[in-house]
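Just so it is clear: chains get the letters A, B, ... in the order the sequence lines come, proteins before strands, and each one is counted from 1.
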Protein chains: 2
Amino acid sequence: MRNAEFDREKVLRSAMTAFMDKGYGKTSMQDLTKATGLHPGSIYCAFDNKRGLLIAALEQYKTDRSAEFQQFFSGNHAVLVELKAYLDNIVQECISCEAAKACLLTKALNEMAQQDEDVQKIITENLANWQQGIADVIAKAQANGELSSERDSLHLARYLVMGIYGLRTFAHTHPEAETLQQLAEQLFADITA
Amino acid sequence: MRNAEFDREKVLRSAMTAFMDKGYGKTSMQDLTKATGLHPGSIYCAFDNKRGLLIAALEQYKTDRSAEFQQFFSGNHAVLVELKAYLDNIVQECISCEAAKACLLTKALNEMAQQDEDVQKIITENLANWQQGIADVIAKAQANGELSSERDSLHLARYLVMGIYGLRTFAHTHPEAETLQQLAEQLFADITA
DNA sequence: GAATATCTTGAATGTTCATTCAAGAAACGG
DNA sequence: CCGTTTCTTGAATGAACATTCAAGATATTC
């Protein structure tokens with residue numbers, strides 16, 4: 001008996017970064033061996049192939065993002081305050097590093113559309129899960145009386161998700177902090193109006 | 001002397017479609033020869049290389065989209081009516097065919113981010129141009145008195161552009177007509193509120 | 001500490017791809 | 001209708017790529 005030497009989470013996070021940098025297609029196995037520190041054989045042993053590594057990385061991404069989401073909404077603050085902080089954090093992601101690196105899910109979704117049904121299904125499920133999380137948060141704010149219940153929480157969540165997608169794409173062409181912050185504020189205002 | 005046999009516009013539109021279908025990277029020269037009907041040698045003679053064909057296709061795309069834009073806003077209707085029709089048309093694009101095929105500019109932008117500076121610049125300029133077109137339309141509506149001048153036309157245009165980006169990405173996971181129409185209506189309402 | 005099981009290594013493999021180029025075809029000018 | 005120029009053709013080229021695998025290394029077990 002003998003255990004694998006590498007740290008699976010670290011490897012997957014490196015792979016995530018590599019895929020976000022160049023996209024799945026343009027990330028070569030050589031890039032991945034460099035990023036992860038693993039040799040081809042090890043990658044193929046642990047993840048079957050490049051696609052398997054992507055799928056495992058997507059899973060890790062989901063885990064990491066879920067934990068982050070919980071962090072933002074587990075405080076004792078008003079829900080809308082937490083939501084605003086969450087949105088601001090997304091804006092910061094778009095500003096600080098490269099916008100392209102912002103989200104593995106949407107990046108892969110754009111690339112894989114109509115090409116790999118299984119991967120697309122995984123991504124779609126993850127995004128649906130995220131949207132539901134936001135809908136739950138909004139519903140909580142409505143139950144609290146922080147937010148009017150006039151508009152359906154699911155509709156509001158969809159609109160916010162759409163806005164976040166748009167914000168990320170917008171950041172590709174206009175990475176200026178001021179512009180993005182303004183857009184995010186308007187988005188938040190329209191949701192909470 | 002002898003003239004080229006192929007129709008440049010037709011070739012570029014075929015290339016556009018091919019690039020939108022699979023993305024630039026995954027579109028092989030073989031795909032392009034099949035799509036355009038041109039042999040490799042002819043493509044290299046006319047456009048230098050695959051990248052040159054993309055750039056030429058982007059130029060054609062800009063031309064085609066500009067003409068379409070003019071069409072939508074050259075009627076005698078109220079500007080806001082025209083704008084709503086324009087937005088509805090974008091929603092229809094997202095529904096009817098595959099959402100991935102919706103926009104060469106954003107598709108290529110997502111793929112090329114941080115990889116090909118020249119191409120990114122071309123795309124960014126085209127998108128900025130489009131945004132300015134929308135800002136002009138909005139300013140016209142404000143001058144008309146159709147729309148309050150309280151909010152800056154550029155800000156409104158940015159917000160609308162962001163929403164359209166988001167709508168297209170959203171359509172990748174939820175191509176249902178009802179959902180997209182609802183989102184577009186809310187977006188329009190928030191702009192014109 | 002020997003035997004065994006498992007993991008690691010990285011060169012080899014075969015495929016796919018963008019690109020080239022020399023030969024052939026077709027239009028034009030005289 | 002011949003010579004020249006330009007365009008077309010598609011097989012050939014070499015590079016890059018994902019993947020494999022046999023040899024080597026290392027931990028665990030008895």
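Contacts of T33(B) with the nucleic acid, taken as non-hydrogen atoms under 4.0 Å apart, are absent. S42(A) comes within 4.0 angstrom of a base, heavy atoms only.
You'll find the side chain of I134(B) reaches within 4.5 Å of the side chain of F69(B), heavy atoms only. Here the side chains of T27(A) and L32(A) are in contact, with some heavy-atom distance below 4.5 Å.
Residues satisfying the side chain to side chain contact (heavy atoms under 4.5 Å, CB included) test with E185(A), not counting sequence neighbours, are K84(A).
Within the 3.5 Å criterion, the main-chain N or O of P175(A) finds no donor-acceptor partner in the side chain of T179(A). Using a distance-only test at 3.5 Å, with no hydrogens or angles considered, no donor-acceptor pair links the side chain of T173(B) to the main chain of T169(B). No donor-acceptor distance shorter than 3.5 angstrom exists from the side chain of Q120(A) to the backbone of A113(A), with no hydrogens or angles considered. In this structure a side-chain-to-backbone donor-acceptor pair under 3.5 Å is present from Q142(B) to S148(B).
The interatomic distance linking Q30(A) (CD) with dT19(D) (C1') rounds to 14 Å, in whole Å. We find that CG of L38(B) is positioned 15 Å from P of dA18(C), with the value rounded to whole Å. To the nearest angstrom, P of dC17(C) lies 7 Å from CG of D31(B). Rounded to whole Å, atom C1' of dC17(C) lies 14 Å from atom NZ of K26(A). Atom pair M29(A):CE and dT20(D):P shows a separation of 10 Å (rounding to whole Å applied). The separation between K34(A) atom NZ and dC17(D) atom P is 10 Å, rounded to whole Å.
Set against dA11(D), dT19(D), dA18(D), the side chain of P40(A) has dT19(D) as its closest nucleotide. In the set dT19(D), dC17(D), dA18(C), the nucleotide with an atom closest to the side chain of S28(A) is dC17(D).
For the OP1/OP2 pair of dT20(C) and a distance below 4.0 Å, the side-chain nitrogens and oxygens of Y44(B) include no atom meeting the criterion. An OP1 or OP2 oxygen of dG10(C) is reached within less than 4.0 angstrom by a side-chain nitrogen or oxygen of H39(A).
A cation-pi arrangement is present between K50(A) and Y24(A) under the rule of less than 6.0 angstrom and at most 45 degrees off the ring axis.
Overall, the helix from dG1(C)-dC30(D) to dG30(C)-dC1(D) carries an axis bend of 10° between its ends, with five pairs at each end and the value rounded to 10°.
Contacts with DNA chain C (heavy atom under 4.0 Å) in residues 46-54 of chain A: none are found.
Ring geometry for Y86(B) versus F72(B): interplanar angle over 60°, hence perpendicular rather than tilted (30 to 60°).
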